[in-house]
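Single-structure report; data block below.
Only heavy atoms go into these numbers, but all of them, side chains included; no hydrogens, no water, no symmetry mates. One is the number of the first residue; the rest follow in order along the sequence.
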Amino acid sequence: MATPAANVDVFPSEIQDRLSAFDDSLTHVEATLKPLLDTPLNEMHEKLTPLDKAKTDLIAAYAVNSLFWIYLNVKGENPKEHPVKQELDRIRSYMNKVKDIQDKEKAPKLDKSAAKRFMKSALWQAAQAQTQKTLEEASDEPIATTSKEPELKRQKIDTSTPKVKHKKKKGAKK
């Protein structure tokens, strides 16, 4: 039986370079997937958040289907006409959905209580400025203030119902 070194001499140099690069790539893939393959799936899922679980499962499915794509290429079949193409597209669409979910989590969120405080403050300042302007126009001279913000003078408003005085008709008895 021939040794592996003897078989290497049979291939042309450009194929030897490609085979060497392919072997290096497979070694890299094995090293990358080793932690995933060494840990039982149940243990791994216990430690992960639901989003991380989805990402892990999608990466594993994509890796397996990509390796099958490579297998079809090496075998001489066109993988674009094989159902593995649709499977890879489906997995990519799920990966995009997971990415959208991650982006939504990272997006800034509205602090409703802070927004209410901003609006209340802005409306109060606008109302106070309008009141100040109205008072200045009414007196034709500026009102002196002692603080940074103009002092708002409150007027007592009579909210009771107005009393109507009725005139007595002539000839009416009490």
Next item on the list: Hey, could you give me each pair passing salt bridge (Lys or Arg N to Asp or Glu O under 4.0 Å) that has a residue in residues 23-35? Not counting sequence neighbours.
Entry: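 Salt bridge (Lys or Arg N to Asp or Glu O under 4.0 Å) check on residues 23-35 returns K34-D38.
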
Note to self: With salt bridge (Lys or Arg N to Asp or Glu O under 4.0 Å) as the rule and sequence neighbours excluded, what pairs involving residues 65-77 come up?
What the structure shows: K75-E77

Check: Does the side chain of K80 come within less than 4.5 Å of W69's, by heavy atoms?
Finding: yes

Item checked: Test item: N78 and H82 side chains (from C-beta on) under 4.5 Å apart, heavy atoms -> no

Let me check something: do [X] and [Y] share a hydrophobic cluster, defined by ILVMFWY side-chain heavy atoms less than 4.5 Å apart, either directly or through other members?
X	Y	result
V84	I70	no
V29	L37	yes
I101	M95	yes

Who pairs with [X] by side chain to side chain contact (heavy atoms under 4.5 Å, CB included), at least two apart in sequence or on another chain?
X	result
L48	M44, D52, K53, T56
T32	H28
K97	Y94

Report the distance from atom [atom1] of [X] to atom [atom2] of [Y], rounding to the nearest 0.5 Å.
X	Y	atom1	atom2	result
K85	D89	NZ	CG	4.0 Å
I91	L58	CD1	CG	7.0 Å
N65	R92	CG	CZ	10.0 Å
E14	L19	CD	CG	11.0 Å
F22	T27	CZ	OG1	10.0 Å
N73	F68	CG	CZ	11.0 Å

Checklist line | CZ/R18: more than 12 non-hydrogen atoms of other groups inside 6.0 Å | finding: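 Open: at most 12 neighbouring heavy atoms sit under 6.0 Å from CZ of R18.
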
Next item on the list: Could you tell me whether a side-chain N or O of S20 sits under 3.5 Å from a main-chain N or O of Q16, the two making a donor and an acceptor?
Entry: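 The answer is no, because no donor-acceptor pair under 3.5 Å joins these two groups.
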
Check: Does H45 have any ring pair (Phe, Tyr, Trp, His ring centres under 6.0 Å) partners at least two apart in sequence or in another chain, and if so, which?
Finding: none

Check: Which heavy-atom pair separates L51 from E105 by the least distance, and what is that distance?
Finding: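 Closest approach of L51 to E105, heavy atoms only: CD2-OE1, 3.8 Å.
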
